Amino acid sequence: GDQFVGMAPAQIRWSGAGQSIYFDWNIERNDSASLYALPASGGQPRKLTPEEARLVPPAEPRGSHAIDVIDTSYDGSLVAYERQGDIFLLNVRSDKVARITSTEAVEQNPRIAHDMASVTFESSNNLFVHDIATGALTQVTNFRTGRASGRPPNEQEKYLEAQQPKLFDYVRQADRTTKGKTDRTR
């Protein structure tokens with residue numbers, strides 16, 4: 001097993017401009033692997049700090065159950081990705097990463113526009129657009145859940161609120177009936 005031969009590096013990938021090789025490695029035998037960088041010119045691997053690792057795009061998703069959190073521009077010069085709920089943009093030619101968001105909210109599903117002028121992403125069930133040149137952020141949609149505060153319920157909401165206790169009573173009664181039948185069959 002791994003305890004006899006060591007832990008092999010995994011998720012090996014090039015940096016955007018090909019200046020470094022990134023890989024996950026658990027040489028210290030911790031609970032999880034850490035991200036390392038190795039200069040393409042050679043040398044020793046260096047364990048990245050958590051903040052440095054956050055700026056590195058995740059490995060390309062593999063397999064039929066992979067979650068796609070990466071979007072690459074049609075010419076391959078830009079890569080947008082989500083890492084720990086924030087959105088980042090990698091300029092492959094310069095190997096520079098720009099952090100687009102830094103919030104408590106979860107941003108996800110980054111997509112680079114076909115004209116490569118903006119990055120779209122979702123946050124709190126809404127669509128946002130980040131202008132790459134200016135850094136301007138625009139909220140495109142404003143979907144909200146629930147009823148607006150201070151607004152009285154409409155007829156449908158009143159009906160549903162009145163039906164809710166009856167529905168809960170029915171579910172409780174069905175649970176008791178099912179439990180009683182299960183107890184008798186034991």
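Keep in mind that what you see is a predicted model, and the values were worked out from it rather than measured.
D131 places a side-chain N or O within donor-acceptor distance of the main-chain N or O of A133, the cut-off being under 3.5 Å. N142 places no side-chain N or O within 3.5 Å of a backbone atom of N126 that could act as its donor or acceptor partner. Side chain of R83 to main chain of A53: a donor-acceptor pair is present (N/O by atom type, distance under 3.5 Å, no hydrogens or angles). Side-chain N or O atoms of E157 include one that pairs as donor or acceptor with a backbone N or O of N154 at under 3.5 Å. No donor-acceptor pair closer than 3.5 Å links the side chain of E122 to the backbone N or O of N125. Here the side chain of N91 pairs no donor or acceptor atom with the backbone of K96 at under 3.5 angstrom.
Defined by atom type and a distance below 3.5 Å, a donor-acceptor pair is present between the side-chain atoms of S73 and D75. No donor-acceptor contact under 3.5 angstrom links the side chains of D24 and Q11, judged on distance only.
Both M116 and F128 sit in one connected hydrophobic cluster of ILVMFWY residues. Membership requires side-chain heavy atoms under 4.5 Å apart, directly or through other members. Taken together through direct or relayed side-chain contacts under 4.5 Å among Ile, Leu, Val, Met, Phe, Trp and Tyr, V92 and L55 form part of one hydrophobic cluster. No path of Ile, Leu, Val, Met, Phe, Trp and Tyr side chains, each step under 4.5 Å between heavy atoms, connects V79 with I100, placing them in separate hydrophobic clusters.
By the 4.5 Å heavy-atom criterion applied to side chains, F121 and L137 are counted as neighbours. Residues L90 and D95 have side chains in contact (heavy-atom distance under 4.5 Å, counting atoms from C-beta outward).
Look at E155 and K158 and you find a salt bridge, because one of the NZ, NE, NH1 or NH2 atoms lies within 4.0 Å of a carboxylate O, short of that distance. A salt bridge links R172 with D169: the closest approach of a Lys/Arg side-chain nitrogen to an acidic carboxylate oxygen falls below 4.0 angstrom.
Aromatic ring pairs are classed by plane angle as parallel below 30°, tilted from 30° to 60° and perpendicular above 60°; the pair F88 and Y81 is parallel.
Open room surrounds CD on Q156; 12 or fewer heavy atoms of other groups in view lie less than 6.0 Å from it. More than 12 heavy-atom neighbours from other residues, nucleotides or ligands sit within 6.0 angstrom of CD on Q163.
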